[in-house]
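To start, the structure under review is shown below, and the notes come after it.
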Amino acid sequence: MDLHFGDSKPTDDERAAVDALLGPPESSWEGADRTDADLRWARGGRAARDRRDLLLPGLHAINDRIGWISEGALGYLCRRLTVPPAEAYGVATFYAMFSVRPRPATVLRVCTDLACAAAGASALCAGVEAGLGPGAHVERSPCLGLCERAPAALAVRAGDPVRTAVAAPATVAAAVLAATAPDSAPEEPPAALAVPQAGQEGLTLLRRVGVVDPSSLDDYRAHGGYTALRHAFALGPAGVIREVTDSGLVGRGGAAFPTGRKWQATASQPGRPHYLVCNADESEPGTFKDRVIMEGDPYALVEAMTIAAYAIGAHRGFVYLRGEYPRATRRLRHALGQARARGLLGDDILGQGFSFDIEIRRGAGAYICGEETALFNSIEGYRGEPRSKPPFPVEQGLFGRPTAENNVETLVNVLPILTMGAPAYAATGTAKSTGPKLFCVSGSVARPGVYELPFGATLGELLRLAGVRENLRAVLLGGAAGGFVRPDELGIPLTFEGTRQAGTTLGSGVVMAFDDSVPLPRLLLRIAQFFRDESCGQCVPCRVGTVRQEEALQRIVARGGPEAAGDIALLREVGRAMRDASICGLGQTAWNAVESAIDRLGAYE
Amino acid sequence: MTVTPLGIPRRLLEFAIDGQQARVPEGSTILDACRAAGKDVPTLCEGDTLRPKNACRVCVVEVEGSRTLVPACSRKAEPGMVVRTGGERVRHSRKIVLELLASSVDLSTTPRAAEWIKEYEAKPDRFGPGAARVNEEPRIDNELYARDYGKCILCYKCVDACGDQWQNTFAISVAGRGFDARIAVEHDAPLTDSACVYCGNCVEVCPTGALSFKSEFDMRAAGTWDESRQSETTTVCAYCGVGCSLTLHVQDNEIVKVTSPHDSPVTHGNLCIKGRFGYQHVQNRG
Amino acid sequence: MRKRQQKTYTRLTHPLVRDSRDEPFRQAGWAEALDRAARGLERNRDAFGMFSCARATNEMNYVAQKFARVVMGTHNVDSCNRTCHAPSVAGLTAAFGSGGGTSSYEEIEHTDVIVMWGSNARFAHPIFFQHVLKGIRGGARMYAVDPRRTSTAEWAESWLGLNVGTDIPMAHAIGREIIHAGLANEAFIERATSGFEEYRALVEPWTLSLAEKVTGVPARAIRELAHAYARAERAQLCWTLGITEHHNGTDNVRALINLSLLTGQVGRYGAGLQPLRGQNNVQGGGDMGAIPNRLPGFQDILDPATRLKFESAWDTVIQPHYGLNLTEMFEAMEDGTLRAVYCIGENPAQSEADSEQAVRRLQALDFLVVQDIFLTKTAELADVVLPATAGWAETEGTTTNSERRVQRVRRAVTPPGEAREDIDIICALAARLGHDWKYADAEAVWNELRSVSPDHYGMTYDRLAEHQGIQWPCPSTERLEPTYLHGRLWETDPDRRGTPAPFGLVRHDPPVDLTDETYPIRLTTGRRLDSYNTGVQSGGFASPLRRGEYIELCPEDAERYGVAAGEEVRVSSRRGAVVAPVWIDTALRPGLAFMTMHFPDEVDTNQLTIEANCPIAGTAEFKASAIRVEKLPVATIVR
């Protein structure tokens, strides 16, 4: 491609960061010194253009090393990958974790989302801003997925290697320490601490968390690991799909689509290759279960993905992992390496003639990338904007090929299905919502964390388990895209059909309790801000609608009283159009929580 | 041996629009079918030479069995589909979309915007004086065309025309996110520091006048732009041997704008810098 | 960016005359100017040449050649197609009997392999290149053969950076490799071609390793291209002036055509040969007979039946021999056998290679009448200057593009002052010289052409409008022919197959202007995206891309000669010298420099180029001069 590059040159560090990812450039046309051979022959074309998907890893490489992405660095990366600089700039500016302007090497992200806001995030922000010098940059962040330890802060110090430190629950001093000396900040507590039931009998999905050493493949095997994969090979791909279909497993990411049907549809596509994508971009405020699994039992995801890939006929899988989850990334990367070394990934797995490998692709701060097609675009090196459906991913997914995309929790359910058999699995839970479910409980409870309960337990049972506090004012189910319920609705059964019947949603399993110390209008405003910030901007209803929604809520907070009626009517009209006419789930659900707060809680009465 | 491939013959499929049976070739969109049936569906981001982006959502219609409304411009017609183009639900979304757009950007040079705002009884003012707008000053960094992003509805057409669908120059992209997203060259530099080759193919597809030829921009500023006094004559470019069709827009015996017919087998509506802007020499009349 | 004072031309609004070349022009009425022109031509009836215009309409070219043949009784008519694509026409005609590109733009979107040879279409033919890009996006693989790694080449799977003037060795090596790899289409060769055995013997010495030595391109790269082209189900071979502007341009064209004959990549949908024309009507000018060897409809003058047809249609006598081409006319000026020229819309004083020589020859004419929209450098040399209209915006008519598509041009603006349409002026002159032609309008001219040219017969103005142009041949008003030519070559019936296409037995002959110690750098020339030819048209608009004329060098050479970007240097060839600032471009390599002809009023590049002409087509070797670059005594940096 005849690309145009400006005059800016990369620094040695920037060049090294890119070369560490891509290897040294092969010719002067890619940025090496000119040789005689370059003057007579240049290769390019399709092979050169086909490396676009390395753009996001390349941006990470630069950002990790330098802390921001300069013109010279972006230009060099573009030259290496044959990507137009304008497009790469569009991609870089899409993600909250990247900066195209100079900033300090250390960035401290302080979560100001729902659970952390309720736990004093604004005071924390003010404190760290006062306590940190110009050497670090403080950013207010949407949910960091550390809700069980709110308030939370994540420090990232660029360098070689990049260093991260988490302070949660964060005091000003702890957050400042994490930012100024990430290496000497205290180790994060083990993942098991996020699982109050850890070690208890009767757990299925969480049974190894806190029990096994998450770095040890042997330990994983000693606790039943890789039994399911052997069963899968014995069953054959069609047999695996039958088991999964019969188990009644449905997607845990929120849409509750039957997993067996998705796999069957992907497997039966004549187009090749097939891809498996694990959606680990857990960004719904209040959700952190996938992080806990990846940190506490990472081999389970590796094994489950291998089984899924075997079933759908994929030889390449991707885990799209939130950029805000450095520990989960490390643990999973380690697990992949171990599995590869032991022949559990790669060619001829377990001598069965099946080859499969997994790549981790890190997100970079964009809630929208949890939407399956936005996630594909993100992996492919484009802006994480959702595609219109149809065509559906099973027909044209990643790289335009048949793709099964599943959430982490969905995938790890496949292990018990194959070890205990579909009928036994389906006996758990209710007839329509089978199996166990993970819930992320946070907010005003004594024991926040991830809970595993069979489908069908009531909201009240779950909250009692977590030690709900007095003066409960509202419970948010399903996160920002979910809905509020009242304290007198704790009898709602936690199933897909039960929540639907109650006019609310289970979503991804977020259960956030708020007592009356938290002003509801502030909460709603934070939700509205979240959607405004996270709208990708592609379609009008969402791009402008989320802004108008936030403005109306601001006005209501400022004015209150009877003047609210007009704005509430306006919110309803805009909300309805967002729900009806937005491209993807983000816009379609951006008004849910506010609507439920108005209608169920009487938020502005 | 005179074999010219015509492509695979397309089957016809039947479905219902507003209670009437429609027969269209497989692969047609709902919008194609609506237009064939003489129904006026508003569109902004749709372009006859571009793949549908369905970003503006003003063309939404109701499809039985669909949870949400669907964009007519991109959704392919399916056999047995039941489509409603004019119900209250459809009108509501179109009205809100027009209100959201008109309250955030300047639609004064968007053809038919005023008409639709009236038709759908949209009241953009009701978001109040504090409603956020895309406040951008016109950018004039070259002599050939102006970029007034205060009029930009972010339809992506310019990006698609500059990108892999036609020009493959990739000078512009959408940068930023959400309401802050803007069409920009890398590092938001002036056009003159970019990959832009001034073909003007982005201007050709811009539906709002956010991109306009400098000649038109200046004449509008001076109040002399008057389309009722303009003639349009299609001829052939005077430069290289490719033979591009040019439509000369002439006002008072001056060429004020050059476009190309979108159905021209040579250009498909695209030109290069010489064809688009290289007309001045004939009117250097001394 | 350096401050540049580009010459802008203003329109001619009145006829200009003068009694002697030493005097300035004075404005005159049309009657006086035409009378003077008629007298000047009358007295040189036996020594006349017509420069017709590759940018004017078909109708104007038809009338202009008719003027030469009927009024002046000569076939000395030609146009600037001589300076660019005449070798393509000559080569294609020799192989297939017809001088047009064999494919259509749309076909290249549906082909599998595209070879762009000596063509920077991304700059020179941007909208054609969009069709190429459609093909690439659809999965076609493109190969670029060009000394420079141009914007076009940057899109290629593989760019082959050969030495200037080594196209024949490259083509022959590709041919040999195809034969040796067993990839030649033997059935097609057998049925549709002639001279294969001689061709096989001719290319046999051109092993990949010898080709690597001569062209500079690694053998592996040549082999890869050979296999890709031969194995493709459909392949397109496109070229531009990098092939034709050589002293052996026609040979170069033949060498490329050979590859299509060898593999059967011609005469099918998506498989063909596409020379990209440089001017809006360079194809049509030739089609209309504004060339010395063909009557309208590309019909051979030497064919008695054709002559008879025209003699009765025009009520005249057609000389049974070819006329002089542009190059030969210039040579005839030198020896005094050509003394009067009627030059319409051409600027040979700046566009000819060795422009100093061209000016000198024009000055030696007894009489020069120039008909143009501007007072060009050529017009400045004239005795009479007639103000014309701009073909594409001020007149009705048609032009014919590179895919043989005849399209309507229309009058959109009123011409300035007393400017008159070309046809109108020619007819007025003809009337003064005893031929009273009555054409009601351009369509009447067109219908006369249709009546004498079978290939155009089916193209009425109504049909041209209806179909947005029609490609020739179009012999019927009822139907359209396929988009590609020479499908006959695939017929099984020998009668319908017609004359087999002969392989061209052409030999490598390096550029005439050899590089040596005094002139160590090879200068090649080309176009930029926003400028056009001598800049008379394109200078009129404010292109943000325009930076004026530079001598472009690779970074290594700049360092070697101790010159910096923007520094003015002296560039000399064996013919002349110019001063130009330096631009540094990595698309070049040591020993290879690049300039354009776009700014002759700033830097007259054609003072450097050599008038070494193709003996068949007459095109000069603009693409290969030997130069040296010297620092000026006092460095001047322009930015």
Side-chain angles (χ1 to χ4, degrees), chain A residues 1-6 8 71 74-75 78 83-96 100 366 368 383-385 388 390 531-548 550-552 554-555 566-567 570 573-574 576-583 588, chain B residues 44-45 52-58 60 62 67-71 74-76 89-90 92-97 99-101 103-105 126-128 130-132 153-154 156 159 162-163 168-181 184-189 193-197:
Chain A
M1 290 163 73
D2 53 341
L3 302 178
H4 171 273
F5 298 103
S8 308
E71 287 190 33
L74 191 74
C78 287
V83 172
E87 286 203 345
Y89 181 75
V91 172
T93 55
F94 186 82
Y95 297 101
V100 292
I368 187 61
R383 292 165 55 82
E385 292 168 355
S388 66
F531 281 110
R532 184 208 58 197
D533 289 347
E534 297 296 337
S535 168
C536 77
Q538 190 179 202
C539 70
V540 174
C542 176
R543 178 178 76 238
V544 191
T546 53
V547 172
R548 296 292 175 254
E550 194 215 338
E551 288 167 352
Q554 290 274 19
R555 282 196 297 271
D567 276 321
L570 197 62
E573 285 201 38
V574 173
R576 186 177 165 213
M578 284 200 284
R579 183 175 291 159
D580 264 354
S582 294
I583 291 178
Q588 288 162 12
Chain B
L44 285 169
C45 72
K53 182 67 187 171
N54 65 71
C56 77
R57 317 300 281 187
V58 78
V60 286
E62 219 171 337
R67 187 170 46 84
T68 57
L69 300 175
V70 307
S74 68
R75 177 62 67 85
K76 299 263 191 336
R89 199 176 160 204
V90 166
H92 175 78
S93 272
R94 289 184 185 169
K95 177 184 90 163
I96 296 290
V97 163
E99 286 177 344
L100 293 175
L101 279 177
S103 64
S104 55
V105 297
R126 66 193 178 119
F127 299 113
I153 61 166
L154 224 63
Y156 291 66
V159 176
C162 188
N168 283 281
T169 291
F170 303 97
I172 45 173
S173 171
V174 179
R177 195 166 75 188
F179 196 71
D180 300 324
V185 311
E186 62 269 30
H187 313 293
D188 207 15
D193 289 347
S194 78
C196 180
V197 293

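Throughout, a chain's letter reflects where its sequence line sits, starting with A, and its residues are numbered from 1. Atom set for the values below is all heavy atoms of this structure, side chains included, hydrogens, waters and symmetry mates excluded.
In terms of heavy-atom pairs under 4.5 Å with chain A, the best-connected choice from B:Val60, B:Val90, B:Leu101 is B:Leu101. The most heavy-atom pairs under 4.5 Å with chain A, out of B:Ser93, B:Gly128, B:Gly176, B:Ala181, come from B:Gly176. Contact count against chain A (heavy-atom pairs under 4.5 Å) is highest for B:Ser194 among B:Ser194, B:Cys196, B:Ala184, B:Gly163. The candidate from B:Leu100, B:Val58, B:Thr68, B:Ile96 with the greatest count of non-hydrogen atom pairs under 4.5 Å with chain A is B:Leu100.
Residue contact with chain B, scored on non-hydrogen atoms closer than 4.5 Å, involves the side chain of A:Leu74 exclusively. For A:Ala92, no part lies under 4.5 angstrom from a heavy atom of chain B. Contacts between A:Met1 and chain B at a heavy-atom distance below 4.5 Å involve the side chain alone, from C-beta outward. Proximity to chain B is limited to the side chain of A:Asp2, based on heavy atoms less than 4.5 angstrom apart. Proximity to chain B (any heavy atom under 4.5 Å) is restricted, for A:Tyr95, to the backbone atoms N, CA, C and O. For A:Ser582, the part lying near chain B is the backbone, with the side chain staying farther off; criterion is any non-hydrogen pair under 4.5 Å. When heavy atoms are compared at a cutoff of 4.5 Å, A:Asp567 does not approach chain B at all. Heavy atoms closer than 4.5 Å to chain B are found in the side chain of A:Glu385, but not in its backbone. Within the 4.5 angstrom heavy-atom criterion, atoms from both the backbone and the side chain of A:Glu573 approach chain B. Contacts of A:Ala88 with chain B are absent, with no heavy-atom separation under 4.5 Å from either backbone or side chain.
With rounding to the nearest 0.5 angstrom, the CD atom of B:Glu186 is 10.0 Å from the CG atom of A:Leu3.
A distance-only check finds no donor-acceptor pair linking the side chain of B:His92 to the backbone of A:Arg576 [under 3.5 Å]. A donor-acceptor pair under 3.5 Å is absent between the side-chain atoms of A:Glu87 and the main chain of B:Phe170, judged by distance alone. One N or O on the side chain of A:Arg383 and one on the backbone of B:Val174 form a donor-acceptor pair closer than 3.5 Å.
Under the 4.0 Å criterion applied to side-chain N and carboxylate O atoms, A:Glu534 and B:Arg177 are assigned as salt-bridge partners.
In this structure, A:Arg543 forms no cation-pi arrangement with B:Phe179, as its terminal cationic atom is not both closer than 6.0 Å to the ring centre and no more than 45° off the ring axis.
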